[in-house]
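I have placed the structure first, in the form of structure tokens, so that the comments after it can refer back to it.
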There are 2 protein chains.
Amino acid sequence: MRSERGQRDTPRRRDLIEIATDLISEIGYEQATVRMIADRMGIKSGSLYSHISSKEDVLYKIILDVAGDFLERADRATEGVHDPEERLRALCRSHLEMIRDRRPAVRVYFDEWRKLGDANQAEVIRLRERYEDGFRLAIADGIETKAFDADPQLGARVLLSTLNWAPSWYVADGKLSPREVADQLLEVILRGLYTRG
Amino acid sequence: MRSERGQRDTPRRRDLIEIATDLISEIGYEQATVRMIADRMGIKSGSLYSHISSKEDVLYKIILDVAGDFLERADRATEGVHDPEERLRALCRSHLEMIRDRRPAVRVYFDEWRKLGDANQAEVIRLRERYEDGFRLAIADGIETKAFDADPQLGARVLLSTLNWAPSWYVADGKLSPREVADQLLEVILRGLYTRG
DNA sequence: TCCGTAGACTAGCGCTCGCTAGCCTTATGT
DNA sequence: ACATAAGGCTAGCGAGCGCTAGTCTACGGA
């Protein structure tokens with residue numbers, strides 16, 4: 001009898017996910033074959049299926065985990081913070097910290113979510129929308145309570161684009177911390193949103 | 001004898017490239033098989049190779065053409081324009097027009113360039129750097145001749161990120177022209193760069 | 001001591017992939 | 001009238017893919 005699927009969360013399964021994350025971030029989901037993942041684990045490809053149910057299942061787990069982590073960190077960073085500008089600052093920092101801490105996984109999240117089946121894709125989109133709404137709400141709040149002048153949609157667009165594109169330009173080389181980069185970024189963008197500084 | 005490769009620029013070959021562009025933009029390079037491309041042309045997969053030399057060759061042609069078109073349009077849009085702010089405005093408009101006019105090809109350019117071999121990839125990167133330098137130079141110019149205050153790298157980063165991410169948010173539905181969107185965008189970003197408006 | 005389970009193994013199925021060889025048809029220019 | 005060449009066709013090669021069936025071994029708890 002086959003073991004009843006590898007869906008439980010074992011140490012070995014975590015190894016597998018981590019190895020797969022690195023490999024996929026390096027060469028892409030299609031190019032990363034189950035045989036390569038098995039090689040890096042030091043086992044044969046057939047043995048993988050004691051731990052996973054399919055290749056897409058691995059991708060889904062990786063991406064779902066990243067999406068959830070983005071959300072959790074954002075929630076934690078903004079709890080108790082009510083000023084819209086401070087909320088935005090916390091959200092930006094949190095976002096850049098996520099890139100710093102989990103770069104390969106974040107790459108997979110941004111680059112490969114389209115490869116998921118329709119149902120899984122829809123769930124990922126749902127989570128991303130929830131995440132981005134945090135930014136949009138903070139900006140909309142700023143419009144009401146502060147002197148933000150510009151189209152809120154436009155402001156959110158600029159900020160979220162810059163953050164979504166950040167994996168391409170943000171190098172966590174220790175020279176600039178997520179905090180510093182977030183502050184510089186928001187200085188420019190917030191100044192653009194205020195009518196009068 | 002096989003015909004000596006399909007490298008010349010024939011109408012049929014242009015059909016093929018256009019069909020491949022649409023298909024790849026819809027489902028991705030790996031998923032788009034040569035058999036599907038042939039189906040859409042109404043021929044058999046083997047017959048494709050009268051027109052192309054390999055599948056990667058098709059991808060390279062698509063991407064190289066887009067990169068070249070971005071550059072040509074930018075050159076045309078900025079020739080004779082010397083004011084840094086006006087140059088930036090022209091560059092942004094040109095960029096958004098490109099997305100409006102050639103959306104599927106632009107998608108392929110942004111999403112699939114990593115799938116190219118190393119040499120082809122390097123050439124694409126070279127062209128992209130040249131293109132982005134146009135923006136960076138205009139911003140650096142603005143620092144010298146105008147009242148731009150912020151870090152020029154940071155400003156370029158925000159602007160280029162927003163433009164590079166634009167295929168995800170800019171819908172050319174006729175409500176807002178590239179000109180209008182570019183102007184709104186630059187209003188926010190330039191205000192952020194100026195010390196005093 | 002014995003059993004159940006986790007986790008590896010071997011072997012290979014069935015399929016699709018990019019691509020090629022060689023042939024046939026049709027249109028064109030001399 | 002005939003040669004040439006463009007551009008289809010059929011058939012299939014060889015390789016790699018994800019995944020499965022069935023087996024074996026080591027170990028921890030009853």
Side-chain angles (χ1 to χ4, degrees), chain A residues 1-21 23-24 26-63 108 112 114-120, chain B residues 1-21 23-24 26-63 108 112 114-120:
Chain A
M1 268 300 103
R2 291 211 63 61
S3 70
E4 195 39 44
R5 256 171 323 140
Q7 296 292 30
R8 279 178 14 278
D9 190 26
T10 65
R12 200 77 178 115
R13 187 162 195 270
R14 264 195 293 274
D15 285 353
L16 191 160
I17 298 281
E18 193 183 319
I19 285 170
T21 301
L23 184 63
I24 293 173
E26 287 164 22
I27 64 176
Y29 175 66
E30 319 288 344
Q31 282 65 28
T33 69
V34 293
R35 283 169 178 83
M36 290 183 203
I37 297 171
D39 272 357
R40 289 202 177 184
M41 295 183 71
I43 62 177
K44 300 297 176 183
S45 71
S47 311
L48 283 183
Y49 289 82
S50 306
H51 306 288
I52 61 172
S53 62
S54 71
K55 191 190 173 191
E56 173 171 339
D57 173 58
V58 174
L59 182 61
Y60 185 53
K61 288 288 190 305
I62 295 171
I63 290 181
V108 174
E112 313 289 355
R114 281 171 207 279
K115 310 287 170 53
L116 293 171
D118 288 347
N120 290 345
Chain B
M1 267 301 103
R2 291 209 64 59
S3 69
E4 194 41 42
R5 256 170 324 141
Q7 296 292 27
R8 279 178 13 276
D9 189 26
T10 65
R12 202 75 178 115
R13 187 162 196 270
R14 263 194 294 274
D15 286 352
L16 191 161
I17 298 282
E18 193 182 319
I19 285 169
T21 301
L23 184 62
I24 293 172
E26 288 164 21
I27 64 176
Y29 176 66
E30 319 288 344
Q31 283 65 28
T33 69
V34 293
R35 282 169 178 84
M36 290 182 202
I37 296 170
D39 273 357
R40 289 202 177 184
M41 294 183 71
I43 62 178
K44 299 296 176 183
S45 71
S47 310
L48 283 183
Y49 289 82
S50 307
H51 305 289
I52 61 171
S53 62
S54 73
K55 192 190 174 191
E56 175 172 337
D57 174 57
V58 174
L59 182 62
Y60 185 52
K61 288 288 191 304
I62 295 170
I63 290 180
V108 174
E112 313 289 354
R114 279 171 208 279
K115 310 286 170 55
L116 293 170
D118 288 347
N120 291 345

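Since we're looking at a predicted model, the values are computed, not measured. By convention in this document, chain letters (A, B, ...) are assigned in the order of the sequence lines, proteins followed by strands, and residues within each chain are numbered from 1. Heavy-atom basis, side chains included; hydrogens, waters and symmetry copies ignored.
Rounding to whole angstrom units, CG of residue A/Leu23 and P of D/dC17 are separated by 11 Å. One atom, CG of A/Asp39, and another, P of D/dG18, lie 12 Å apart when rounded to the nearest Å. A straight line from CD1 of B/Ile52 to C1' of D/dA6 spans 16 Å, rounded to a whole angstrom. B/Asp15 has its CG atom 17 Å from the P atom of D/dA6, to the nearest Å. Look at CG on A/Leu16: it is 14 Å from C1' on C/dA8, rounded to the nearest Å. Remark: C1' of C/dC19 and CG of B/Leu59 are 17 Å apart, rounded to the nearest angstrom. What separates CD1 of B/Ile43 from C1' of D/dC9 is a distance of 10 Å, to the nearest Å. Rounded to whole Å, atom C1' of D/dG16 lies 15 Å from atom CD1 of A/Ile37.
Side-chain nitrogen and oxygen atoms of A/His51 include none within less than 4.0 Å of the OP1 or OP2 phosphate oxygen of C/dA6. At least one side-chain nitrogen or oxygen of B/Ser47 sits closer than 4.0 Å to the OP1 or OP2 atom of D/dC9. Of the side-chain N and O atoms in B/Arg12, one or more sit less than 4.0 angstrom from OP1 or OP2 of D/dG8.
One distance of note links CD1 of B/Ile52 with CG of B/Asp57; it measures 6.5 Å at 0.5 Å rounding.
Judged by the 6.0 Å and 45° rule, A/Lys55 forms no cation-pi pair with A/Tyr49.
Along DNA chain D, the nucleotide closest to B/Gly42 and the one closest to B/Ser45 are compared, and the more 5′ of them pairs with B/Gly42.
Annotation: side chain to side chain donor-acceptor pair (under 3.5 Å) contacts of A/Lys115 (sequence neighbours excluded): A/Glu112. For A/Arg14, the side chain to side chain donor-acceptor pair (under 3.5 Å) test picks out A/Asp9, with sequence neighbours left out.
The pair A/Arg35-A/Asp39 fails the salt-bridge criterion, with no side-chain N (NZ, NE, NH1 or NH2) lying under 4.0 Å from an Asp/Glu carboxylate O.
The backbone N or O of B/Leu116 sits nowhere less than 3.5 Å from a side-chain atom of B/Glu56 that would complete a donor-acceptor pair.
Side-chain atoms of B/Gln31 and A/Glu30 form a donor-acceptor pair, as typed in the model, at a separation below 3.5 Å.
The side chain of B/Ser50 lies closest to D/dG7, out of D/dC19, D/dG7, C/dA8.
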All N/O contacts under 3.5 Å from nucleotides 15-18 of chain C to the protein, with atom names and distances to one decimal?
| unit_1 | atom_1 | unit_2 | atom_2 | d |
| --- | --- | --- | --- | --- |
| C/dG18 | OP1 | B/Lys55 | NZ | 2.9 |
| C/dG18 | OP2 | B/Val34 | N | 3.1 |
| C/dG18 | N7 | B/Arg35 | NH1 | 2.9 |
| C/dG18 | O6 | B/Arg35 | NH2 | 3.0 |

